[in-house]
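Letters A, B, ... mirror the listed sequences (proteins, then strands); counts begin at 1.
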Amino acid sequence: MINKIVDGFAAALAGMKDGDTLLCGGFGAVGEAFALIEAVIALDVRDLTVVCNNAGSGLVGVAALLKSGKARKLICSYPRSSDPQVIDDLYARRAIEIELVPQGTLSERMRAAAGGIGGFFTRAGADTQLADGKERREIDGKLHVFEKPLHGDFALIKAHRADRWGNLVYRKSARNFNPLMAMAGKTTVAQVDEIVELGALDPEAIVTPGIFVDRVLVAP
Amino acid sequence: MINKIVDGFAAALAGMKDGDTLLCGGFGAVGEAFALIEAVIALDVRDLTVVCNNAGSGLVGVAALLKSGKARKLICSYPRSSDPQVIDDLYARRAIEIELVPQGTLSERMRAAAGGIGGFFTRAGADTQLADGKERREIDGKLHVFEKPLHGDFALIKAHRADRWGNLVYRKSARNFNPLMAMAGKTTVAQVDEIVELGALDPEAIVTPGIFVDRVLVAP
Amino acid sequence: MTPLTRRQMAWRAAQDLRDGQYVNLGIGMPTLVSDYLPPGREIVLHSENGILGMGGAPRPGEEDRDLINAGKGLATLLPGGAFFHHNDSFLMIRGGHIDVSIMGAYEVSASGDLANWATNVETLAPGVGGAMDLAAGAIEVRVLMEHNGKDGSKRIRQACTLPLTGKSCVTRVYTNLAVLDIARDGVVVREMIEGLDVEALQKLTDAKLALANDWKKLTPPAL
Amino acid sequence: MTPLTRRQMAWRAAQDLRDGQYVNLGIGMPTLVSDYLPPGREIVLHSENGILGMGGAPRPGEEDRDLINAGKGLATLLPGGAFFHHNDSFLMIRGGHIDVSIMGAYEVSASGDLANWATNVETLAPGVGGAMDLAAGAIEVRVLMEHNGKDGSKRIRQACTLPLTGKSCVTRVYTNLAVLDIARDGVVVREMIEGLDVEALQKLTDAKLALANDWKKLTPPAL
């Protein structure tokens, strides 16, 4: 029997190790898996790479994880969201490496990882300094830059409802990066509001099929 | 006011011209926009390129369009579905050019067109004769082939319900290529079973947002 | 001579949006454009986090923490709106499905180059967000910005001095003084506020200006 | 010596599927595997047209024309199943999310090369379908085919003679005579039917065979 529901953070994060890349869902605070992300802080892991659109707000979630010093690198599009005290401090001290990526390229690189694409050419940022050092190619008269897949060892995502197969649905704009990161994570852990019976989710409206999800944890 | 609902095939197919590429939804007969596709036969257009997973069955839909002689070329993954009399005849007479593409590459090429990707590297088919003449590149020790976007001048798709903004939902496996082709068509025309009031479709369960749809026609 | 307020600038940008267009509003001043959409036109707002058909701010008591706009402010959804995931959202942007992107900027060049993500003096971590995707993918990119910097610096320039967001992408600029088109042969003044002439505007502008034959007075309502 | 029937071959392939695996069954004989999934194991079947959790054929009166499998036969959906569009379906295949692909084949080589899409004599238009995607993307590719062609031709070969679907992708082959693994150093016989020995099997096989020390009799139920 398939039962992806786990009990507690230890089971949810089992196997995380030094140097892992974590894909952390959310756009600002909405759809961020606060409980899972903060649980990483308690683990004996270091040199993490955190992939997240923003760098967290205040002293919670991704901001708390970055502040803990467990992350060596942040890959993001827009680090300074509301109350960026942690990233401002880390940046001022040059205490973290930041790889800045156009938001759509960030998204597309994760999709490439999810879908077995070895790399792709995009126009976004091709004529900017963010493409410096990267392969450029003119296609149909327009400059493109070659971008590579961005894999995650873990995806830590937030969803609204789940069943024991790991099928997920989201709430409104809290969907954002979560379904994408679910696809791109080697081990995908979903923090959810609620578990429902198998078959209770409308098969026409499941956003993330369980094939992309390894563990489900109910957490507020 | 946005009203994408059109009345009749002339309005649905207005602007189609010689040499156009038509993306025709459906997997076998399921999800095929029979009425729209057969309406193309009545138009004064020629040298069409038809993109469709199969080459139609019997003497209806895509098969009827191919039999009409209006298509110069077929881009597909699996031409011989059930009752392939039309494609067998055309193939025997070498009366149509066939570009055979791995099914996932066919899909991904359309997504690249939909998403502004200039091209991508994939492993699928890289070590086969279908990659002959194409750029190959070893990435992470594995052979990849470079594939280019596949744009459609028209996408002729089938959906279940629509609203006047062109939002669409599908029925079961009739979804298949339709949402993808909707995204990849310059002009996307949806044949639907039913029109519903704006706001009646669950915003969490809309599969194709209206931004990808230009015209909606109710047809059996 | 009274420069436009931020709300008047947003109002002016809103007037050019046509019925049925899909429009992405950048964070900051462009967000205000949604308050001035001309009545009678259905304009579908796209939010990069995965919304089409976004409405304005919620009324008291109707707030939903899971429904925000790109600037992370609370938002609503109109009938006909839809939610989708981030990758689909940027497919819309990058694939040429967004008719109009309205963004803020630091500088715009006479050839339509856009600089709006990094200054040369970065004491804070720079962010790019979706700006480069919009610059590359939206059918039209329009800029909404003050004509000059707070220090009087010229922001409409023959060539940008700041790191670019995208080349040759901006088609129109709305400032607190004028509406300017980036045309094939340079910057064309379409509208100016009462009391301003093109010679005075040229002094505030690095790029060489041409005045359209049919230029108009820019006369927003009080806002 | 009694070779396995097609249903017995499908039964044998089904026995290797583990609880919780995501499995894609090719058209033709592999489709029969779904009839013999071992009880007590939840095995999630993926259908390339956009289904996970596909069930077997519908009971009379429960047919739905919009619910078909990859071979275009009528299908059903299990509780927990989901529908999605074609591109997401092939993202699953190409991105390494499918644990096991079971396909038919014309030939398999000693290094695991697969040939199952084109013969050398094509009077009919060849089709490739999703075979190359599965060969490249599934975590494991297993083949289900008659050990020899109808003309007695050898299908497990030192090297394939037909156009390839993918290189070095097949890990196991189920035939009507044996179960064979493609190992690092060649083809290893894991199971043979009653009355067959490896010398006799070798005569029916082009690839050089090794017999596993712990080889077993292949004894399917009557089907």
Please report the closest heavy-atom contact between C/A82 and B/I206, naming both atoms and the distance. CB-CD1, 3.8 Å
In short, B/P209 meets C/L52 closest at the heavy-atom pair CB-CD1, 3.6 Å
I'd like to know whether NZ of C/K154 has more than 12 heavy-atom contacts from other residues, nucleotides or ligands below 6.0 angstrom. yes
Would you mind checking chain C against chain B for donor-acceptor pairs under 3.5 Å and listing them?
| unit_1 | atom_1 | unit_2 | atom_2 | d |
| --- | --- | --- | --- | --- |
| C/D19 | OD1 | B/M1 | N | 3.1 |
| C/D19 | OD2 | B/M1 | N | 2.4 |
| C/Y22 | OH | B/K4 | NZ | 2.7 |
| C/Y22 | OH | B/G210 | O | 3.4 |
| C/E42 | OE1 | B/I2 | N | 2.7 |
| C/E42 | OE1 | B/R164 | NH1 | 2.8 |
| C/E42 | OE1 | B/W165 | NE1 | 3.2 |
| C/E42 | OE2 | B/R164 | NH1 | 3.4 |
| C/E42 | OE2 | B/R164 | NH2 | 3.0 |
| C/G80 | O | B/N167 | ND2 | 2.8 |
| C/F83 | N | B/P203 | O | 3.0 |
| C/N87 | OD1 | B/R111 | NH2 | 2.7 |
| C/H97 | NE2 | B/A114 | O | 2.7 |

Grab the two heavy atoms, one from B/P203 and one from C/G81, that are nearest each other, plus how far apart they are. CB-O, 3.4 Å
Indicate yes or no: at least one non-hydrogen side-chain atom of C/F84 is less than 4.5 angstrom from one of B/V207. no
Best-contacting candidate, B/A205, B/G115, B/P149, B/G166, against chain C by heavy atom pairs under 4.5 angstrom: B/G115
So for B/I211, is it side chain, backbone, both, or neither that comes closer than 4.5 Å to the heavy atoms of chain C? both
